[in-house]
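Written out below as structure tokens is the structure these notes cover.
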Amino acid sequence: MIYLDNAATTPVHPDVLQALVPYFVKNYGNPSGIYDIARTNKEAIEKARKIIADSLNASPEEIYFTSGGTEADNWAITGIIQKNKNKKHIITSKIEHHAILNTCIHLEKLGYPVSYINVNQNGIVDIDELKNAIRPDTALISIMSANNETGVLQPVEEIGNIAKERGICFHTDAVQAYMHQQIDVKKSHIDMLSASAHKFNAPKGTGFLYIRNGIDLEPFMHGGKQEAGQRAGTENVAGIVGMGKAVEIANRNQKKDTVYVRNMRDYLLYLLENEFPGIKLNGDRHKRLPGNININFPMHIDSSLPVLLDMEGVCVSGGSACTTGNTTGSHVLLAMGLDKQKASSALRITIGPQNTMEEMDMTFDKIKKCISILSY
Ligand code: PLP
């Protein structure tokens, strides 16, 4: 099997697994307890919090653990809206993940106005439109750091500056970008940031929301006093420890991994572009995550290419994992101006540091074989 769907999820790093296992079998105490195996767990959580805070140039008390990216996104948006009685308007983009889009659609039904900003053909948010959308009652701007389908990086620092100048809270969904790109929340004037552990070789079901000191959010979960009373529920100790370990490893390897992954991506893209003249790379060629290829082939190919590749042992996707089964076409590619046929037949290949150059050659051969079957 060749796994090239790293934007959907990533394998747990062996050292991460080793670090978290004791918290299931030996150190199983509830971190709120007073005895030794409980206190050690509390300490382990605080150690992970500090590692994560340092990775963002934030303070530990600004990191709140969640069950993943979806919860962090939901909390950021609903939490700020509930606290702002006079400001109801939200600005987001048309290419956000459904964790953001469906939260906004839900809030619209409750009477909160939402502006969905367009992107250009390279998949980058229209900054002028965003500036013009700002109203006196704008409570929040939420724009993702990197898109999950195209890997396109958004001008986060520029948006952060605009939000700061206008006194508006700025949230970024960094689920795809965190640990694959350097992020400094102070430099980019980010008020809230969502991240998810399973996108950087840690377990699923763990993530966090960074909330800048001074930002007042309504708690998402009500119950016990965990996470400074902001997010109730017994902590996922093993998940949090694993996430902290994964951040440590990714921090250490980020520069090396970026070059390695980008080289594999550029090599496979070169082979494909050479073989299929007229192939279209969706999204900005340079402002994108190092491991992302999102392409349309020049000939008419239907959406069964990923299925055929799966039969050949290659795991890729036709869009994002969360929109599998959607036949209307990718909302991201449609927003970039692709027609419905192209938007529903793109191929997303996302490469991670565990992949090899040999796998790129093998994938290329398998793609050639599948395309020849599909385009007969
Ligand atoms: N936001 C983005 C950009 C994502 O890519 C994803 C997952 O694919 C999420 C949010 C949801 O994160 P999680 O799977 O941790 O709920």
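The first residue of the sequence shown is numbered 1, and numbering continues consecutively from there. We count ligands from 1, going down the list as the structure has it; atoms in each ligand are counted the same way.
Taking every non-hydrogen atom of G68 and a distance limit under 4.0 Å, the qualifying atoms of ligand 1 come out as 15 (O). If you number the atoms of ligand 1 from 1 as listed, the ones under 4.0 Å from a heavy atom of M144 come out as 3 (C). Heavy-atom contacts of T70 reach the following atoms of ligand 1: 11 (C), 12 (O), 13 (P), 16 (O) (cutoff under 4.0 Å). Under a 4.0 Å criterion applied to the non-hydrogen atoms of N148, ligand 1 contributes the atoms 3 (C), 5 (O). Interface of S196 with ligand 1, defined as ligand atoms under 4.0 Å from a residue heavy atom, comprises 13 (P), 15 (O).
Between H198 and ligand 1, a contact under 3.5 Å exists for at least one N or O pair. Checked against a 3.5 angstrom limit, the closest N/O atoms of G69 and ligand 1 fall inside it.
With atom 9 (C) of ligand 1 as the reference point, the heavy atom nearest to it among H97, K199, H98 is part of H97. Here atom 5 (O) of ligand 1 lies nearest to Q176 when heavy atoms of E71, Q176, E149 are compared.
Under 4.0 Å from ligand 1, not a single heavy atom of E96 appears. With a heavy-atom cut-off of 4.0 Å, D73 touches ligand 1 through its side chain alone.
Ion pair K88/D137 not flagged as a salt bridge, since none of the NZ, NE, NH1 or NH2 atoms sits closer than 4.0 Å to an Asp/Glu carboxylate oxygen. In summary, K42 and E46 engage in a salt bridge, as defined by a charged side-chain N under 4.0 Å from a carboxylate O. Ion pairing between K369 and D365 fails under the 4.0 Å rule for side-chain N and carboxylate O.
With sequence neighbours left out, the side-chain contact (heavy atoms from CB on, under 4.5 Å) criterion links P353 to D257, V261. In this view, S93 and E96 satisfy the side-chain hydrogen bond (donor to acceptor under 3.5 Å, both in side chains) rule, not counting sequence neighbours.
Here the CD1 atom belonging to I367 is positioned 12.0 Å from the OG atom belonging to S372, to the nearest 0.5 angstrom.
Between Y178 and Y210, the distance separating the two ring centers is not shorter than 6.0 angstrom.
The aromatic rings of H98 and H331 are tilted relative to each other, their planes meeting at an angle between 30° and 60°.
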